[in-house]
Amino acid sequence: ACGPSAATPSDTASSDSGATSSSENAKARSLDDIKKSGKIKIAVFSDKAPFGYVDQDGKYQGYDIVFAERLAKDLGVEVEYTSVDPAARVDVLTSNKVDLVLANFTVTDERAEKVDFAKPYMKVALGVVSPEDAQITDVSQLDGKTLIIAKGTTAETWFEKNAPNVKLQKYDQYADAYNALLDGRGDAFSTDNTEVLAWAKANKGFKVGITHLGDDDTIAPAVQKGNKELLDFVNEEIVKLGEENFFHKDYEQTLEPVYGDEVNPDEIVVEGGKL
Amino acid sequence: MHGAEILLQPGVFPRLLQGLWVTVWIAGVSVGVSIPVGLLVGWLMTLRNPVVRAIMRVYLDFIRIMPQLALLFLAYYGFARWFDWNLDATGACVLVFILWGGAELGDLVRGALQSIPKVQYESSYVLGLSPWQTFSRVILPQAIRRLLPASVNLATRIVKTTSLAVLLDVVEVIKVGQQIIDANRFQYPTGTLWIYGAIFFMYFIVCWPLSIVARRLEKRWSHD
Amino acid sequence: MAFDWSFVQRYAPFFVNGTLMTVFISVFGILLAIAVGLVCAGVEIARVPVARQIVRAYIELSRNTPLLVQLYFLYFGLPKLGVVWSAETCAIVGLGFLGGSYMAEAMRGGLESVPKVQRETAYVLGLTPVQSITRVVLPQAISTAVPGLVANVIFLFKESSVVSAIALADVMYMAKDLIGMYYSTYESLFMLVVAYLVILLPISILGTWLERRFDYARR
Amino acid sequence: MTERTERTERTVQAERKPQVQSTEAIAAFETAGPSAVSDCKGFEVKHLVKRYANADKPVLNDISFKVEHGTVLVVLGPSGSGKSTLLRTIAGLEPIQGGTISINEKVIDEGRPGTEKAGRSNRSSELRTRIGMVFQSYDLFPNKTVLGNITMAPLLVQKRGKAEVEAEALKLLERVGLADRKDAWPHELSGGQRQRVAICRALILHPEVLLLDEITAALDPEMVREVLDVVLELAKAGQTMLIVTHEMQFARAIADHVILLDGGHIVEESHDAHAFFAHPETERARQFLRTFEFE
Amino acid sequence: MTERTERTERTVQAERKPQVQSTEAIAAFETAGPSAVSDCKGFEVKHLVKRYANADKPVLNDISFKVEHGTVLVVLGPSGSGKSTLLRTIAGLEPIQGGTISINEKVIDEGRPGTEKAGRSNRSSELRTRIGMVFQSYDLFPNKTVLGNITMAPLLVQKRGKAEVEAEALKLLERVGLADRKDAWPHELSGGQRQRVAICRALILHPEVLLLDEITAALDPEMVREVLDVVLELAKAGQTMLIVTHEMQFARAIADHVILLDGGHIVEESHDAHAFFAHPETERARQFLRTFEFE
Ligand SMILES: Nc1ncnc2c1ncn2[C@@H]1O[C@H](COP(=O)(O)OP(=O)(O)OP(=O)(O)O)[C@@H](O)[C@H]1O
Ligand SMILES: Nc1ncnc2c1ncn2[C@@H]1O[C@H](COP(=O)(O)OP(=O)(O)OP(=O)(O)O)[C@@H](O)[C@H]1O
Ligand SMILES: [Mg+2]
Ligand SMILES: [Mg+2]
């Protein structure tokens with residue numbers, strides 16, 4: 001508890017590693033454990049505005065954060081955020097660094113083998129953003145070109161599988177990836193279309209040439225495999241919140257200022273876990 | 001140069017300093033715990049017992065050959081699953097730096113202990129001092145003098161290596177910098193340069209005095 | 001827990017490529033570091049007036065800042081000043097910048113360890129200053145400097161693991177990539193450890209051999 | 001004691017001997033000397049055998065001699081003949097493989113075969129303080145001042161009072177001309193000064209016998225002189241000593257008793273040091289002494 | 001030359017002098033000696049002044065002396081009196097601030113005030129080879145074998161033929177008893193062997209004068225003897241030398257001419273070395289010589 005103040009993950013030591021588990025994972029905390037400790041540990045992005053980022057005052061903000069805050073409130077605990085890189089989202093769960101991942105986590109089969117996804121609260125496809133003067137409007141245009149991606153994203157997996165001729169330049173962090181695009185280190189950048197749309201809007205000279213790539217994917221909270229209690233709780237919450245149109249409100253609060261009226265909220269938001 | 005104003009934005013500098021504090025805290029705790037560990041390791045390395053020696057040899061060589069980044073990954077992800085020993089990122093960093101610092105310091109301690117002339121042990125024996133008196137009154141005080149400059153240098157290396165903690169998602173000074181860069185990327189497109197520049201000098205400001213202290217000590221104690 | 005050997009087999013080629021990248025970056029970075037070190041040590045030993053202060057400042061700056069930050073600065077910072085270097089260039093320059101100061105210190109230590117009487121003897125025997133340096137001082141300086149230089153080489157090879165942060169596909173990059181895509185953390189970490197052992201063990205052994213080879217100056 | 005008388009005679013005869021000694025100096029050293037003096041006392045080595053590990057033959061083979069209380073034995077011999085080894089075994093720094101070492105007819109160390117690789121003898125602290133030793137290398141503790149060096153063992157080992165010990169240390173320092181340097185650090189002293197402090201450090205424990213192993217070998221000639229003058233005074237004051245030295249003039253001046261070591265044996269022994277230096281009996285001794293003379 | 005004759009006489013008188021020298025040995029050294037011998041030749045220092053930077057007074061102040069060709073000058077003096085400094089200025093290792101140094105009446109170095117911080121004298125390579133010097137510390141090049149050490153300067157500086165140089169090197173090594181060690185590395189040699197090689201390395205250049213600065217100070221007594229015997233032979237063979245030593249017996253045996261330095265001046269000078277050691281004229285010299293005697 002005497003840890004440094006800026007280190008979100010450091011303050012609480014891993015007091016919960018008592019019982020050994022026979023599974024491949026470090027044992028997850030039960031709902032009771034979380035309530036008792038008064039804190040739920042949630043992994044979010046800290047550099048992916050407007051979904052998860054840190055504002056001028058050092059506070060976490062964004063679409064995911066609003067949801068996280070609400071979950072905690074309904075559970076009657078505080079949130080302790082852990083900032084993650086895209087590639088670390090599975091490992092923080094399997095090694096029980098956090099209870100829940102709310103970091104724009106796209107549901108895929110590979111991931112579903114390692115973690116348990118709750119009901120979705122967003123849907124996305126991949127998008128590709130590129131400089132206006134050298135727009136990429138089709139994947140075939142990327143042949144032999146360099147595409148920037150962030151490690152551990154669905155974009156990475158998709159391009160590895162479906163576009164072997166594209167040279168991928170992979171960064172650990174979104175901030176680095178965007179910077180690389182700005183500096184002209186690659187021809188385009190691909191990640192979730194929501195994300196690139198938001199970014200292109202804010203950065204002059206860049207445009208999203210491909211808005212829909214691959215299948216429509218869903219984004220959902222994830223818990224450690226087998227942590228049924230917590231999973232059930234999150235699922236119930238999503239259903240309950242759907243009734244009050246929570247995610248639309250969340251959208252208005254966090255995403256609309258960025259997307260403006262270019263995007264129809266219903267293309268992104270999923271209420272009550274129902275597609 | 002425009003863009004420099006980013007550093008003057010409210011919240012930017014204090015947050016960077018907070019991040020720096022995390023860096024310094026990790027380094028400080030690691031160095032602090034490394035000292036007793038290093039003393040123990042160093043002492044173990046001087047023992048004649050072949051088994052102990054071999055173990056220490058492997059320990060030292062492994063730590064030396066593995067990049068710190070690889071060790072960090074092993075500790076952060078590996079330990080939790082293999083031994084169900086769940087460390088948070090900061091804990092993993094501290095653990096790795098202690099293992100690393102302990103090994104390096106241990107080797108320094110061994111060197112210092114062995115560099116004490118045999119005649120110092122012999123004089124102590126002839127004067128009737130007990131083995132413990134010899135160690136605590138004669139050998140250790142001399143060893144510490146030889147040890148201190150190199151240990152301070154090691155501390156600066158540990159401070160510098162904390163920069164790798166960002167890759168385990170510890171929110172230290174670099175991560176804070178990246179967050180600021182991201183949050184300000186619309187207003188200050190050249191913020192990257194200034195933020196990384198500021199971080200560069202923050203590390204320098206922390207490490208440089210240590211380097212100077214090390215050099216001073218080295219000079220002061222070079223005569224014996 | 002299951003260790004997936006087939007995964008290791010499937011992705012071992014990636015690690016071979018990563019190893020090649022690590023070696024490529026490190027070797028050129030180290031060569032640059034040696035060149036920088038030679039110049040700096042020369043300037044310091046010869047006491048060239050202004051250059052000497054510059055060298056001192058450079059050494060302090062380079063030794064007291066982390067390579068990761070140096071790389072970020074080169075890779076993401078410099079473009080804002082209109083200088084865009086490729087990732088490879090940044091990595092090599094970064095390693096050279098960091099390693100140059102370490103190499104300089106080791107070389108200076110070697111040169112200063114040659115007793116004054118050796119230079120005096122060369123003078124008395126009539127050797128010219130150039131002969132004195134090349135025939136007497138340098139061979140002895142190398143002997144003392146070799147252990148430090150070898151340690152620096154190993155240190156720089158290890159430090160090169162940081163270049164993955166600027167999207168260079170070295171061993172570390174491969175490991176993180178596989179973890180991110182396939183979540184097979186053990187297998188990736190295992191291959192990472194093996195790759196570094198494969199790179200560094202021979203260097204460590206070569207270093208020991210070199211130290212012995214140049215051992216003549218120590219009595 | 002015949003030796004004592006003999007030396008006094010020689011001292012009187014000596015014309016050029018610098019007269020640094022005074023009755024006061026002797027008194028000061030006598031304070032530091034052994035407390036109980038008796039004629040039958042002394043120090044004895046019998047059939048000593050010392051073998052280093054992995055060596056084919058012993059360095060010391062069946063060495064026997066006796067040093068009467070209050071006399072000085074000078075050990076001579078070429079390099080590698082085992083002089084240092086002899087002193088080290090007596091001090092307990094090396095295990096012995098045969099024979100005995102005794103003080104005042106009490107055996108303090110007994111040889112046991114097969115102990116080549118053993119460490120130092122496990123004598124009690126008290127016993128160790130009864131044999132003092134000064135080495136060739138400046139072996140002061142660099143982390144203690146001059147006074148700290150001297151008072152450490154009496155305070156820690158003999159548990160004597162601080163005031164008394166410091167007073168005695170100061171008296172000793174005065175005797176060797178270094179009272180004003182009591183707070184200096186060893187690195188601030190010249191080699192000769194360090195060796196004089198090392199002698200004081202040994203003397204304050206009132207050792208029954210003092211072993212000096214080439215204590216001037218690393219010194220400049222002037223410093224050699226200042227150290228040897230101190231040793232000469234000690235001899236006058238009746239300190240029992242075993243001295244290894246290459247200073248033949250000094251050896252001749254101080255010795256009551258001489259042994260010449262070579263090849264692990266005593267090749268010549270003499271209780272008449274004067275005669276030994278003037279007319280050695282064996283050819284080996286003659287040859288050895290010639291090494292130090294030219295023309 | 002009176003000095004030469006005198007020494008020969010003394011050698012004949014000396015009873016215990018070991019008879020290591022042979023006419024052959026002298027011949028071998030003569031090959032290495034200066035090629036042209038003439039009576040009026042020699043080495044001279046006039047009004048030499050040497051001051052170190054930041055020192056308040058000169059270390060050497062108005063020093064003058066002459067060393068005739070083929071004779072040996074021994075320089076004595078307490079520690080810090082400037083003996084080493086004198087030899088170093090003669091060798092060109094230190095700039096001088098006044099006076100002249102000349103060989104065979106040709107000035108090779110002239111004092112200039114204000115040169116305290118200057119580096120070594122900028123003598124030509126050729127001139128430097130005419131003055132040989134051996135230091136106290138074992139200064140062989142550790143990266144060359146014995147033969148490599150000796151042949152380096154004649155090959156590089158004098159551009160002599162390899163075969164001839166190696167042949168001469170071997171002859172010299174044979175003279176100092178080290179022919180079988182020609183391929184050894186310096187670290188494999190004892191201190192005495194190293195100093196003998198260092199002497200060969202200087203001799204192969206046929207220096208007109210050889211400067212020896214306490215070349216035995218760091219050696220064990222036996223080694224001292226083997227090195228000094230070589231020097232004695234050299235003197236017999238007519239090598240001009242300037243020797244600094246603390247071995248008084250040796251100094252007495254080898255000196256043709258003695259100067260005693262103290263406080264930057266020559267306090268006593270004597271062309272009759274025997275007389276100097278027996279009955280020094282000044283009180284300072286008497287006091288100095290007493291340092292080496294006991295009883
Ligand atoms: N620790 C050791 N292990 C093995 N052999 C040793 C050891 N110490 C000394 N010796 C050998 O024992 C012999 C006697 O050594 P010692 O140092 O006693 O001789 P010394 O008479 O004191 O010689 P010096 O005059 O050179 O000091 C030598 O041959 C030496 O090599
Ligand atoms: N490089 C130097 N700079 C300043 N002073 C020096 C230097 N070298 C020697 N001295 C001083 O000059 C004086 C003479 O020194 P030098 O070494 O010539 O004496 P020495 O007669 O050879 O003494 P020793 O017998 O101890 O070798 C000493 O006081 C010494 O401190
Ligand atoms: Mg000895
Ligand atoms: Mg000198």
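Heavy atoms only: backbone and side chains are in, while hydrogens, waters and symmetry mates are out. Numbered from 1 within each chain, the chains take letters A, B, ... in sequence-line order.
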CG on L129(B) to CG on L156(D), rounded to 0.5 Å: 6.0 Å
Do any side-chain atoms of residues 27-36 of chain B form donor-acceptor pairs under 3.5 angstrom with protein atoms, and if so which ones, sequence neighbours left out?
from, atom 1, to, atom 2, distance (Å)
S30(B), OG, I26(B), O, 2.6
S34(B), OG, S30(B), O, 2.6

I would like to know whether M152(D) and V138(B) meet side-chain contact (heavy atoms from CB on, under 4.5 Å); could you show each step before the answer? CA-CA 10 Å; M152(D) 186 166 168; V138(B) 177; 3.5 Å; yes
Is it true that, when you exclude Y52(D) itself, more than 12 heavy atoms of the residues, nucleotides or ligands shown sit nearer than 6.0 Å to its OH? yes
Contact check, side chains of E122(B) and M133(D), non-hydrogen atoms, under 4.5 Å: no
Main-chain N/O of P142(D) paired to Q120(B) side chain as donor or acceptor, under 3.5 Å: no
Just verifying a value: how many Å separate S130(B) OG and R128(D) CZ, rounded to the nearest 0.5 Å? 7.5 Å
Are any non-hydrogen side-chain atoms of R201(D) and S123(B) less than 4.5 angstrom apart? yes
Please check if the side chain of D139(D) supplies one atom and the backbone of Y121(B) the other of a donor-acceptor pair under 3.5 Å. no
Is it true that, when you exclude R215(B) itself, more than 12 heavy atoms of the residues, nucleotides or ligands shown sit nearer than 6.0 Å to its CZ? yes
Counting only heavy atoms closer than 4.5 Å, note whether F141(D) contacts chain B via side chain, backbone, both or neither. both
So for atom CG, which belongs to N54(D), do other residues, nucleotides or ligands contribute more than 12 heavy atoms lying within a distance under 6.0 Å? no
Say whether, by atom type as modelled, one donor and one acceptor occur between the side chain of Y125(B) and the main chain of S125(D) under 3.5 angstrom. no
For I131(D) and V126(B), what are the C-alpha separation, side-chain angles and deciding distance, and is it a side-chain contact (heavy atoms from CB on, under 4.5 Å)? CA-CA 7 Å; I131(D) 300 180; V126(B) 172; 5.8 Å; no
Proximal component of S137(D), with respect to chain B [non-hydrogen, under 4.5 Å]: side chain
With a 4.5 Å limit on heavy-atom distance, are the side chains of V157(D) and Q133(B) in contact? yes
Counting only heavy atoms from other residues, nucleotides and ligands, does the tally under 6.0 Å from CZ of R160(D) exceed 12? yes
Which answer fits L127(D), side chain, backbone, both or neither, if we ask what part of it has an atom under 4.5 Å from a heavy atom of chain B? neither
